[in-house]
Amino acid sequence: MEETIARILTELEEINQIPNTQNQTPLISRSTLLDLHSLLSTNDPDLVSQLFDDLPSKSLSPSSLTNLLSFTMDSAPSYSLLASKVYLSLLLSPNSPVFTLFTPISFLSFLRSLRRAFKNCPSAQPEESPPSHAPPNRKRKGGGRVRGARGNVRGSGDCSEEASDTFDMKQVFKVFEMLVSVLGLIHLDRFPDSLKSLVQTFGEIPLMAMEKLGNPSSFNRLMDLCSRVLSEVLRAEHGELANTAAEVLKALSPLILMVKSQARSFALGFVTKRMTELGNESDGVKKAVVNFPRYLAQKAPEKAEPRALAVDSIMEVVKVMDFKDQIGYMDYVLKMTQGKANLRLLGVDLIAMMIMSLRDPFGVDSDVKTRDYWGTKCLEALITRCSDLSAGIRARALSSLAQVVGFLSSDDRNKGILKEVMGLSEGGEERPQCGMNDLLKNRCMDDKAAVRKAALLLVTKLISLLDGCFDGILLKTVGMACSDPLVSIRKAAISALSEAFRTFSDESVTTEWLHSVPRLITDNESSIQEECENLFLELVLDRVSRAGPACAPKKGSVSPESYLTTKSLEGELELLFPGGILILLKGICDGEVTPWVKKLCTSLGKKKRLKPKIAAALQNIIKTSESIWLSHSMPIEKWTAPAGAWFLLSEVSVYLSKAVEWEFLHHHWQLLDKPGSKGKLQSPLLQGNANEDGEGVESNSVAWAGDRVFLLQTISNVSMELPAEPAADLAHNLLKRVEKFNMHSTEVNAHVKALRTLCKVKSLNPEEADQLVMRWGQQLLSKAHEILEKYISDDKEANNNNSFFTPPRSGSRKGKQAARASRLLSKTVTAVYTVGSLVVVCPAADVSSIVPLLYTVVTSGNSDPKLNKLPGPKVSLKQTAPSLYIQAWLTLGKICLADGKLAKSYIPLFVQELEKSDCAALRNNLVVMMADFCVRYTALVDCYIAKITKCLRDPCELVRRQTFILLSRLLQRDYVKWRGVLFLRFLLCLVDDSEKIRQLADFLFGNILKAKAPLLAYNSFIEAIYVLNDCHAHNGHNDSKNSRTESRLFSIRGNDERSRTKRMRIYVCLLKQMAPEHLLATFAKLCAEILAAASDGMLNIDDITGQSVLQDAFQILACKEIRVSSHRGTASDSAEVEEDGDSSASAAAAKGRAITQAVRKGLIQNTIPIFIELKRLLENNNSPLTGSLMECLRVLLKDYKNEIDDMLVADKQLQKELIYDIQKYESAKARTTAAEAVAGMQNQGVYRSPPCVPKAATGADPENKMNQKLSSDSKVASAIADAAAEATARSVLREVNKGAMTPPLKAINMPKLKSNQAGSSAKNDRSLDVLESLRRRIDDEN
């Protein structure tokens, strides 16, 4: 060892002589470090003492040795870890001068070497040339090489060696262990910077090690050593524990807030385990841990996923805190929910996690029962945030509340308290500012999609708490959400409504579900169609299938003399089929539901998802209903099956023909086809009491006829499975029934279709079937011709005879003739309808003999002299037989659909009747026929589209809605194009008096039209303004050939508030469909084609329509919808509240800057000069539109106040005038607003300044909204304060004068003022100034 010590000292002496310059740094060689390490590893006190004793002989000191080690740790990356190890060994060696060797600079070098050891592996880097600061190889004077300098040059071949040295984890572990021992020797309380650096370094090492180490065991050992180091730091010898613990937690917070990883787990584990244990021994550490969640809350990121991880980390720390400290942090979180937006959002997440993570939130297990337990306060705060001003916070609060409700509903004790807090229990106090039902209704109709989606999720979770008390308006709101433009909202609404239907079987929920969900089978989204099919199969068909065999009471068990009511029979049937089966069946046969049920059954049947047990269950329900009817000895001819049973069976039997029994169908056909029951078609509904003859049972012929129709459809569906002989007999009976022409029109189609199907069964091939259909078809046509011809001749004869009878005829004879004529008319109407049904089934049928007769009917009583020459009635059948008149048009339309040549001649007649008819039913049928003609004969009808669109303004709502729906379908299928006046006339539907039409129009323009014709709104916007105001000053409008009457019909004339509101709603709807670039172009077109036209005299502003156009332009330019937002995108993008990444945010910011520059350029080049010229024109004419112009200009320049100087750089005087006018207008408006506000206060008898509205105002209270609006404008608030003070002063003076008004100051004698004994002349002068000011003010007012 003597030689080793000599070698070490010699090299240290040589290195110490090297000056420390920029080009060279004194470094200890690797060999010397190894010698030092081997020497210190012996732990021999004598050798260590000898080393330190010999240092002065070489002009060295312990501090110089430390400095050399510091230089080596900093400047020799290849073996800095070895230098660190030697440095720690020196400190730990026996008899070493620790306080001399340890310096803050050397310790910082040691920490830097540790960081460097965990950086990227040097072997992954390219080879490097020797650094410029490395000293060159030198030789001794005797020619030998210097031993101590042989390692001072880093060669290019040392890469592998560097890699092994730098990343030798065993060496790292050894260094960490030695550091733990060093911290036991050295107290860092005297070196706070070193302590802070140590803590920061070991806060960074876990992250760096995680990226380097792939071996979990090595990483776990390293984290254990880090934990030991940090635990050693948390000793009183190293300083105040509270401060040290705070530094440790601060260093670990980045790890805790990062994504899930091993480093995060280590940091959380150290805080929740080790520091919690130390906190039990030290109040300082405990205080730091208790405050740590608050610190994390302030540092939590705003992005969704990192924020969720931060919440999880915070909750991990809160869980290990004492209950008292947890309550304290809960109070802190409640205050966060009233702070800034980012804190409110984080507070919402924390509240939900605290309620679900901490034990007993409502104190149900506590001995002390209190109403306001911590969970109650948290829940109330969460409910309050559901009405936050920020959409993101509202959405997050609603979704968090849904999670909380789902979590707490599992415990019945918590469930009861939850219902009480939310005001859902009977007599429950509604603690929030508004009830939960009102809150949900408002949020389900929120402007933001994310809020609506979260509200629907909350409704789904709350269903278990409602106990059947589902608010009707809320139910309607959820049903409306099923038609939301966004797919995600529709899915959420379907889920919420289906969960309600799954839970409750009452009539309101069933009806709303049937009217909202099945219609989505036609949705554009395939996933919604599949969900609709699955729900219909589960909630309707499977529920019906589960209706097991019912045990009907025996016949005669109830005496016929017993008093029966409707409810008793229905109740008895409901007992056999519980679960709302009868309500469900009744609901599906509703006229608005049946089309969707048919589509659903067809779709499920094609996919072979219909099961035979569905048909069996429906047959069982019908049989059971019949058995119950017979058990009460009721007449069977007055029985009908439960509503909807036959309809559903007729739909599913198409695909389940083998599951329907022929005996069942044959039996019920005999019941429903009895000749004695015709004209007395009964239903089992009872009105009042029944007597012994059963006369008390009233019937419904419509229900009876409906059952017959659906039974016939079922028979035709299963006819292929019927035996040939029964099928032939049935066909013969059906033909006989049809030939009598005495059925209801709803039955005719079913009989004709069943006949056609049965003919296929009887025939051996399709040709024979067609011949059979043609044979009985011609037979029916000939009989129908005879009946129609007879009626026309009889009517003509009756009219001729009546013209010769001057005296009144006998009453009995007249009554008999009237009855006979009524029967003949009914038979004729049925015959005409049968002809139309037959033409649809058999288009090849010869109707040449029928058409002239139908033409005679539809032209009867026509004033045309050419038509008067034709044989037929001179009196119009439109007055004498309106049913025949309408039916003749309908049948003639069906014939024209089958015959193109005939259609070419008769279509103008249909259009003429559509224009002049005063019968709403006929106009509705004609619109339907014209739509069918448009599909079949597009070219023929295209020229009449403008006339058809006049029905959009029909006085009958049904006709308007039918026209809108049919034309919309034609437009979507490209049979009609969006050209001419069609688009402009459709705009009026957006403000129709009917809410249903308005909803349909909103969906058409907001979804279908935006995707199909995205430029249509932009291209037609300016013309729409002129057309809606009925202004003919526009070039495009002048070219229109429409009559003056039509232009008034499709306009909203007037400058009143109601007309302006309607027009503005149309404009806003169109603006919402435009892309940002189109909004800019529209802005420019408004200025160029309306404002510039007005200033140039092309638009007459003296005319009322011209004024309306100009005022509409001002309102449009000032509305928020025409402003381009930097984040504006598609409808779904703008509706959703999403949190994008940094790249998308930067792209959106760049796009926003570009758009903002374009807007500014447009304002400078186009808007300001036009406004200035127009303002002068309006002022010269004393036009009332000046106020609208100034309001528009104020809104436009509100965001560009700083740029006004640049915009008007060429005319400074004009700039000053413009700013002055805007300020003057704002001041006047502020005074007006203040006067109105003070007047409202006076009505309440209260004079007060506008209240301060907190930042986190919920907005639920209208008064809060008004106060917020007033206080948001400083000028308005100041004016209100002045007006309130003035009103208060007047009231005081009035009270002093006992009700008399205070006279003007000039009418009062000057009061004698007492001299101020203690005052000065200055005060007297000030008093005189005050009086003079008051005098001037009162004079001005008077």
Side-chain angles (χ1 to χ4, degrees), residues 541 544-545 547-550 552 585 589 598 601-602 604-605 608 610-630 636-637 639-642 644-675 677 681 704-738 743 746-766 768-769 772-773 776 841:
L541 298 182
V544 172
S545 301
L585 290 174
C589 64
K598 291 179 180 179
C601 291
T602 302
L604 292 172
K608 298 182 180 181
L610 295 177
K611 301 178 182 178
K613 62 180 181 180
I614 299 174
L618 290 170
Q619 294 175 76
N620 178 59
I621 292 173
I622 296 172
K623 292 177 183 177
T624 304
S625 173
E626 180 187 358
S627 301
I628 293 178
W629 184 266
L630 294 175
I636 190 61
E637 63 273 7
W639 165 81
T640 56
W646 279 116
F647 163 68
L648 189 57
L649 183 61
S650 67
E651 294 301 323
V652 301
S653 61
V654 178
Y655 306 96
L656 301 173
S657 57
K658 296 183 179 179
V660 183
E661 302 173 358
W662 165 243
E663 292 78 8
F664 167 80
L665 297 177
H666 182 67
H667 167 70
H668 288 89
W669 174 251
Q670 289 180 337
L671 290 180
L672 297 176
D673 197 42
K674 287 185 177 180
S677 62
L681 313 179
W704 185 89
D707 284 355
R708 279 179 53 86
V709 170
F710 296 134
L711 175 57
L712 276 173
Q713 290 180 0
T714 306
I715 291 175
S716 62
N717 292 338
V718 304
S719 59
M720 301 303 294
E721 305 294 332
L722 298 181
E725 186 175 351
D729 295 339
L730 180 60
H732 179 72
N733 293 333
L734 291 179
L735 183 58
K736 292 297 181 184
R737 283 297 306 270
V738 174
M743 291 183 294
T746 57
E747 298 180 81
V748 174
N749 280 331
H751 280 71
V752 172
K753 290 179 181 179
L755 269 172
R756 183 188 61 176
T757 307
L758 291 172
C759 287
K760 294 180 180 180
V761 179
K762 293 172 60 178
S763 306
L764 299 177
N765 51 61
E768 184 179 353
L772 283 174
V773 172
W776 61 259
V841 173

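For the numbers below, each heavy atom of this structure counts, side chains included, while hydrogens, waters and symmetry mates do not. Residues: numbered from 1 along the sequence shown. These numbers were taken from a predicted model, which means no experiment stands behind them.
- Taking CG of Leu656 as the reference point, atom NZ of Lys613 lies at 12.0 Å (rounded to 0.5 Å).
- Rounding to the nearest 0.5 Å places OG of Ser653 at 11.5 Å from CZ of Phe710.
- Using a 4.5 Å heavy-atom cutoff, the side chains of Leu585 and Leu618 are in contact.
- In this structure, Ile621 and Val544 have side chains that are in contact, with non-hydrogen atoms separated by less than 4.5 Å.
- A 4.5 Å side-chain heavy-atom check between Leu665 and Leu711 finds at least one atom pair inside the cut-off.
- Rounding to the nearest 0.5 angstrom, the gap separating the CG atom in Asp707 from the CG atom in Leu712 is 11.0 Å.
- Contacts of His667 classified as ring-ring contact (aromatic ring centres under 6.0 Å, His included), with partners at least two apart in sequence or in another chain: none.
- No donor-acceptor distance shorter than 3.5 angstrom exists from the side chain of Asn717 to the backbone of Glu651, with no hydrogens or angles considered.
- Checking side-chain atoms of Thr602 against main-chain N and O of Lys598 turns up a donor-acceptor pair under 3.5 Å.
- Under the 4.5 Å side-chain criterion, counting only non-hydrogen atoms from C-beta, Ile622 is in contact with Trp646.
- Counting all heavy atoms, side chain and backbone alike, Cys601 lies closest to Leu610 at O-CD1, 3.8 Å.
- Between Ala659 and Ala615, the closest heavy-atom pair is CB-CB, 3.9 Å.
- If you look at His668 and Trp639, their ring centroids are closer than 6.0 Å.
- In terms of heavy atoms, Gln713 sits closest to Ser650 at OE1-OG, 3.6 Å.
- A donor-acceptor pair under 3.5 Å links the side-chain atoms of Asn733 to the main chain of Asp729, judged by distance alone.
- Side-chain contact between Cys759 and Trp776: present, with at least one pair of heavy atoms (C-beta onward) separated by less than 4.5 Å.
- With rounding to the nearest 0.5 Å, the separation of CZ in Arg737 from NE2 in His751 is 5.0 Å.
- Taking both residues in full, the closest heavy atoms of Ser716 and Ala754 are given as CB-CA, 3.8 Å, listed atom of the first, atom of the second, then distance.
- The shortest side-chain heavy-atom distance between Thr640 and Ser625 does not fall under the 4.5 Å cut-off.
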Hey, mind stepping through Phe664 and Leu649 against side-chain contact (heavy atoms from CB on, under 4.5 Å) and telling me if it holds?
CA-CA 12 Å; Phe664 167 80; Leu649 183 61; 3.9 Å; yes
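- For the pair Leu541/Leu648, a side-chain contact is recorded, criterion being any heavy-atom separation below 4.5 Å from C-beta on.
- Between Leu734 and Trp669 the shortest side-chain heavy-atom distance falls below 4.5 Å.
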